[in-house]
Amino acid sequence: MADFSPLAFVDEPIEVDFDRPPALLKRPGPPSAFRWRGEDHRIEALLSEWFDYGRKGRMERNMAPEHLETAKRRGSWGVGRFYFRVRVRSGRVFDLYYDRAPESAGDRTGHWFLWREMSPM
């Protein structure tokens, strides 16, 4: 598999589509397509995926250290990100992520973001 380096930092919200909806809303797999800045991108290949259950900022400070280690391995409600490096039909490579954090009490789901565009090294 080719190595990649960041070409452009984006970190903007995107809309995603799934050919098959994820079985677990808070633990989705990669989408089939996404819409960014009015342009549709069909995903042709999943190049890699990873997750981060780490707590950030005040969320990190409000948990006992022994529980924090368990949460980093297993996750906890509303905390964590699932990352996907994908190649779209045009050949461009992007890193997307699903952020499990809700934005408000009435919004219990997470949100999708285009993190960055990548370039082969």
Side-chain angles (χ1 to χ4, degrees):
M1 180 163 73
D3 289 329
F4 292 89
S5 63
L7 178 64
F9 178 76
V10 179
D11 209 28
E12 293 178 13
I14 57 173
E15 298 172 30
V16 299
D17 290 315
F18 293 91
D19 288 341
R20 256 188 254 144
L24 300 171
L25 214 55
K26 291 294 221 170
R27 192 180 289 234
S32 305
F34 65 93
R35 184 172 188 79
W36 172 54
R37 295 182 179 171
E39 190 175 334
D40 292 323
H41 297 275
R42 182 76 183 166
I43 295 173
E44 292 287 313
L46 173 64
L47 304 177
S48 63
E49 61 184 301
W50 64 100
F51 63 89
D52 176 7
Y53 288 136
R55 290 170 166 256
K56 314 275 188 278
R58 72 176 166 78
M59 299 245 343
E60 184 176 21
R61 295 186 298 272
N62 73 358
M63 185 176 266
E66 61 275 11
H67 297 291
L68 187 60
E69 286 307 311
T70 301
K72 281 182 183 177
R73 284 191 318 278
R74 288 195 230 156
S76 53
W77 187 88
V79 177
R81 290 180 178 174
F82 292 89
Y83 294 88
F84 305 95
R85 179 162 294 157
V86 299
R87 185 177 58 244
V88 298
R89 189 171 283 159
S90 67
R92 295 167 75 183
V93 174
F94 295 100
D95 285 347
L96 314 176
Y97 69 88
Y98 175 74
D99 188 345
R100 292 167 32 132
E103 287 186 357
S104 66
D107 173 19
R108 310 247 334 142
T109 62
H111 301 277
W112 284 92
F113 294 86
L114 191 153
W115 180 23
R116 58 193 180 179
E117 183 170 0
M118 304 299 287
S119 173
M121 293 177 70

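Side chains are part of it too, since the values below use all heavy atoms of this structure and drop only hydrogens, waters and symmetry mates. In this text the structure is predicted, and so the values were computed from the model without any measurement. Numbers for residues simply follow the sequence, beginning at 1.
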message = Measuring only between side-chain heavy atoms, which start at C-beta, is Trp115 closer than 4.5 Å to Asp99?
response = no
message = Between the side chains of Arg42 and Asp19, is the shortest nitrogen-to-carboxylate-oxygen separation below 4.0 Å, so that they form an ion pair?
response = yes
Qualifying residue for ring-ring contact (aromatic ring centres under 6.0 Å, His included) with Tyr97, from Phe113, Phe82, Trp50 = Phe113
key: Minimum-distance pair of heavy atoms, taken over all atoms of Ser48 and Leu46   = O-CD1, 3.3 Å
task = Quick one: closest heavy-atom pair of Phe18 and Pro31, and the distance?
result = CE2-CA, 3.5 Å
query = Hey, mind stepping through Asp52 and Tyr83 against side chain to side chain contact (heavy atoms under 4.5 Å, CB included) and telling me if it holds?
reply = CA-CA 8 Å; Asp52 176 7; Tyr83 294 88; 4.1 Å; yes
request  = Report the C-alpha distance between Phe34 and Trp112 in whole Å, list the side-chain angles of each, state the deciding distance to 0.1 Å, and finish with yes or no for side chain to side chain contact (heavy atoms under 4.5 Å, CB included).
outcome  = CA-CA 9 Å; Phe34 65 93; Trp112 284 92; over 6 Å; no
Note, Arg85 side chain near Arg116 side chain (heavy atom, < 4.5 Å) = yes
remark   = Rounded to the nearest 0.5 Å, the NE2 atom of His41 sits from the CG atom of Asp17 at a distance of 12.5 Å
Main-chain N/O of Gly110 paired to Tyr98 side chain as donor or acceptor, under 3.5 Å = yes
request  = Determine whether Leu47 and Phe4 make a side-chain contact, defined as any pair of heavy atoms from C-beta on separated by less than 4.5 Å.
outcome  = yes
request  = For the residue pair Val16 and Leu96, establish whether any side-chain heavy-atom pair is separated by less than 4.5 Å.
outcome  = no
query = Heavy atoms, side chains only, cut-off 4.5 Å: are Asp40 and Arg35 in contact?
reply = yes
Side chain to side chain contact (heavy atoms under 4.5 Å, CB included) between Phe94 and Val10, intermediate numbers included = CA-CA 10 Å; Phe94 295 100; Val10 179; 5.9 Å; no
